[in-house]
Asks: 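There's a structure below that I have some questions on.
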Amino acid sequence: MERWRYAVTPMIENTKPMKLSNQSLQASAVAEHVQVPQYDRTQTGIGIVHFGPGAFHRAHQAVYTEDAMSQFGGNWGICGVSLRSSSARDTLAEQDFLYTLATLDRVKKLQVIGAMKEILVSKDQTPDIFDRLVSQDTKLVSLTITEKGYCLNAEGRLDLNHDDIKHDLANPTAPVSAVGFIAIGLVKRFKAAVPAFNVLSCDNVADNGTKLRQAVLDFIEQYAPDALAWATDSVAFPNSMVDSITPKTEDYTVEEVSGQLNVTDQWPIQREAFTQWVIEDNWQGERPAWDKVGVVFTNDVHGFEKAKLRLLNCLHSTLAYAGRLADFETVYEVTSDKSFSQFIRKLAQQEVIGSFEAPSELNVEEYSEQIIERFLNPEIRHLLAQIAWDGSQKLQMRLVPIIKDNVALGRDTALLSTGLVAWFEFIRRAVKAEQEIVDPLASTFTSTPAIVSDDLAEAVDAFLSIESVFDDEFRALSGVRKQLIDGLTKLSTLNADEIGPYLETL
Ligand code: CS2
């Protein structure tokens with residue numbers, strides 16, 4: 001299916017395309033309508049180590065860094081670090097770590113990104129990773145590893161009983177966690193009298209920098225207490241909010257981008273045009289000229305974080321679970337359905353806006369409507385099934401806090417509870433159908449019979465008993481518990497084409 005074509009047809013007709021590489025760039029084999037790095041990659045040093053060089057990092061932070069270097073220079077090449085898989089390294093190494101960002105929106109754009117200079121994999125390159133972490137050239141360590149990678153306990157402190165943390169404290173020459181690598185790397189710098197680097201979380205987590213700082217300092221307190229005062233005073237952990245809808249790369253993306261590029265890119269990244277990065281203005285020393293390419297440095301990141309998590313991610317997750325129960329495939333399809341679009345607008349207007357204090361410079365009504373317009377981008381095929389991954393991690397930030405805040409404020413929670421109930425029913429149907437569940441708690445769901453009980457109060461209580469998602473305060477919300485039981489009682493009886501009409505009744 002031909003989904004999108006550019007105005008310019010491929011420059012080279014009927015020849016086998018070269019691979020995207022430094023060589024094909026220098027040979028100008030890449031089509032003329034494609035933006036390419038405006039700096040000499042061979043002369044650009046590495047100043048950033050990034051843990052988790054996945055699609056979002058490559059679509060967001062790496063692109064801001066690319067633009068900053070193309071327009072303002074600087075040795076801000078990125079060393080990606082993969083703690084699990086070697087696929088990104090093995091694939092991108094074949095094309096000199098170049099890849100294409102395909103911006104798919106009303107206006108389409110192809111940009112070859114050169115900021116990624118290397119990707120190291122911890123299973124066989126740990127010494128090289130530490131060399132990068134200790135190098136004076138490294139001014140920043142950033143992360144997109146999701147909150148579960150921070151190894152925190154319910155109190156927001158480092159979980160010293162976490163298998164990875166226990167391993168790293170016992171094996172500091174071969175850590176397996178990002179927290180371990182960062183903490184041990186900082187201690188090495190302390191002992192070598194090398195100034196600290198900044199640590200920047202780019203995860204979809206409220207207070208991401210504050211949480212990561214606590215985890216790293218807790219690790220150092222156990223591992224090298226003599227370095228704790230230095231780390232406490234010398235390392236900046238700014239909070240940040242990140243935003244750009246970045247669906248995973250599909251086979252058609254590779255085919256279509258390579259066709260437009262005139263060279264083969266094995267792993268392009270697709271993304272919407274909208275992108276936003278808000279970083280707390282808490283920084284030691286140099287940084288890329290991000291502020292000159294659209295990044296906002298402010299002291300009120302918290303308000304932007306909440307606005308985004310609550311007005312985008314809460315709606316995303318609600319659409320994912322309710323939409324999958326209604327057999328929709330993508331965000332575009334489900335948001336195009338009148339019943340669903342009316343529901344999420346009511347959810348935003350009646351139960352999300354007003355649940356938090358937004359930054360004074362943000363018009364939340366306009367922001368919310370802009371988000372729903374972004375969901376209606378026909379060029380982005382964002383799978384609901386992908387957004388549905390890791391619900392036990394995501395909903396504790398996207399839905400649970402809003403319900404708690406609304407109860408405390410005496411506000412309604414019926415629509416928010418519907419989103420939570422949709423997750424419950426989504427999991428129940430997957431367990432009954434023995435379908436794969438992508439979630440760190442998948443085994444909990446499949447090994448807890450009450451989750452799929454026909455006694456829906458028992459089923460709700462089984463979900464609410466999951467300590468990592470719901471705390472005692474939430475379990476004590478008796479009114480919410482009744483909403484969840486009533487909602488699941490209704491939702492569990494509905495087939496796909498009855499979900500939308502049901503939402504209209506709420
Ligand atoms: C999505 C996010 O997959 C998901 O959970 O809600 O990745 C969302 O696309 C980004 O936060 C948008 O910035």
Side-chain angles (χ1 to χ4, degrees), residues 52-64 101-105 143-149 201-206 208 239-250 269-279 294-296 301 304-324 328-335 340 344 347-348 352 362 367-368 370-377 379-402 419-420 422-423 426-427 437-441 469:
F56 184 74
H57 168 69
R58 287 164 35 209
H60 185 270
Q61 303 97 54
V63 175
Y64 280 109
L101 172 70
T103 303
L104 308 179
D105 224 305
L143 309 87
T144 43
I145 58 170
T146 76
E147 180 162 16
K148 60 178 180 280
S201 169
C202 303
D203 282 303
N204 242 344
V205 172
N208 51 21
N239 290 295
S240 82
M241 182 280 273
V242 293
D243 187 5
S244 188
I245 292 173
T246 305
K248 67 185 177 76
T249 297
E250 309 251 15
I269 300 294
Q270 58 177 339
R271 195 201 81 186
E272 64 171 332
F274 179 92
T275 183
Q276 185 177 31
W277 198 5
V278 181
I279 301 177
V295 178
V296 174
V301 181
F304 285 97
E305 281 175 350
K306 274 199 172 180
K308 193 257 178 173
L309 274 170
R310 296 189 175 202
L311 283 167
L312 189 151
N313 295 113
C314 169
L315 271 60
H316 246 185
S317 291
T318 300
L319 286 172
Y321 301 115
R324 288 302 299 137
F328 285 107
E329 290 292 328
T330 67
V331 172
Y332 172 71
E333 286 171 358
V334 70
T335 311
F340 279 83
I344 58 170
L347 170 61
V352 178
L362 187 70
Y367 179 65
S368 176
Q370 181 191 45
I371 285 169
I372 294 172
E373 283 308 307
R374 289 166 59 192
F375 290 176
L376 287 167
N377 176 354
E379 301 301 336
I380 288 284
R381 189 171 178 276
H382 200 177
L383 295 176
L384 297 173
Q386 178 189 348
I387 298 169
W389 294 343
D390 300 339
S392 68
Q393 306 293 312
K394 293 178 180 179
L395 298 185
Q396 54 184 294
M397 292 173 287
R398 301 178 177 193
L399 261 172
V400 171
I402 312 176
L420 205 46
W423 178 55
F426 173 84
I427 294 294
I437 298 172
V438 180
D439 191 298
L441 297 187
V469 183

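Along the sequence shown, residues carry numbers from 1. In each ligand, atom 1 is the first atom listed, and ligand 1 is the first ligand listed.
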Asks: Identify, for atom 10 (C) of ligand 1, the protein heavy atom at the shortest distance, and state residue, atom and that distance.
Replies: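 Ranking protein heavy atoms by distance from atom 10 (C) of ligand 1, first comes K308 NZ, 3.6 Å.
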Asks: Students should be able to answer this: which protein heavy-atom is nearest to atom 12 (C) of ligand 1, and at what distance?
Replies: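 Ranked first by proximity to atom 12 (C) of ligand 1 is D243 OD1, 3.3 Å.
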Asks: Please identify each residue that fulfils salt bridge (Lys or Arg N to Asp or Glu O under 4.0 Å) with R324, with sequence neighbours left out.
Replies: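 R324 satisfies salt bridge (Lys or Arg N to Asp or Glu O under 4.0 Å) with E329 once adjacent residues are dropped.
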Asks: Among D243, N208, V278, N204, which one satisfies side-chain contact (heavy atoms from CB on, under 4.5 Å) with E305?
Replies: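 When side-chain contact (heavy atoms from CB on, under 4.5 Å) is applied between E305 and each of D243, N208, V278, N204, only N208 qualifies.
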Asks: Between K248 and ligand 1, which part of the residue brings a heavy atom under 4.0 Å of the ligand: side chain, backbone, both or neither?
Replies: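 Answer for K248: neither.
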Asks: Taking distance alone, with N or O pairs closer than 3.5 Å, would you say Q386 contacts ligand 1?
Replies: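 The answer is no, given that Q386 and ligand 1 share no N or O pair closer than 3.5 Å.
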Asks: Evaluate whether atom OH of Y332 has more than 12 neighbouring non-hydrogen atoms of other residues, nucleotides or ligands under 6.0 angstrom away.
Replies: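 Check fails, neighbour count at 12 or below.
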Asks: What residue and atom, counting heavy atoms only, is the protein's closest point to atom 3 (O) of ligand 1, and at what distance?
Replies: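 For atom 3 (O) of ligand 1, the nearest protein heavy atom is K394 NZ, 3.4 Å.
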Asks: Do any nitrogen or oxygen atoms of S244 come within less than 3.5 Å of a nitrogen or oxygen of ligand 1?
Replies: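 In this structure, S244 places an N or O atom under 3.5 Å from an N or O of ligand 1.
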Asks: With ring pair (Phe, Tyr, Trp, His ring centres under 6.0 Å) as the criterion, how do F375 and H316 come out once you've worked through the C-alpha distance, each side chain's angles and the decisive distance to 0.1 Å?
Replies: CA-CA 9 Å; F375 290 176; H316 246 185; 4.6 Å; yes
Asks: Return the closest protein heavy atom for atom 2 (C) of ligand 1 as residue, atom name and distance.
Replies: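 Looking at atom 2 (C) of ligand 1, the protein heavy atom closest to it is N313 ND2, 3.7 Å.
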Asks: Which label fits F56 and H60: parallel for a plane angle under 30°, tilted from 30 to 60°, or perpendicular past 60°?
Replies: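 Ring orientation, 0 to 90° scale: parallel.
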Asks: Distance to 0.1 Å, residue and atom name: give those for the protein heavy atom nearest to atom 6 (O) of ligand 1.
Replies: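 For atom 6 (O) of ligand 1, the nearest protein heavy atom is H316 ND1, 2.7 Å.
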Asks: I'd like to check which ligand 1 atoms, numbered from 1 as shown, lie under 4.0 Å from a non-hydrogen atom of H382.
Replies: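 The list of qualifying atoms is 9 (O).
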Asks: Examine distances only and state if a side-chain atom of N313 and a backbone atom of R398 form a donor-acceptor pair shorter than 3.5 Å.
Replies: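 Not a single qualifying donor-acceptor pair exists.
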Asks: Starting from atom 7 (O) of ligand 1, which protein heavy atom do you reach first, and at what distance in Å?
Replies: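 Going atom by atom, the protein heavy atom closest to atom 7 (O) of ligand 1 ends up being N204 ND2, 4.4 Å.
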Asks: Over 60° means perpendicular and under 30° means parallel, so tell me whether F328 and F340 are parallel, tilted or perpendicular.
Replies: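 Perpendicular: the ring planes of F328 and F340 meet at over 60°.
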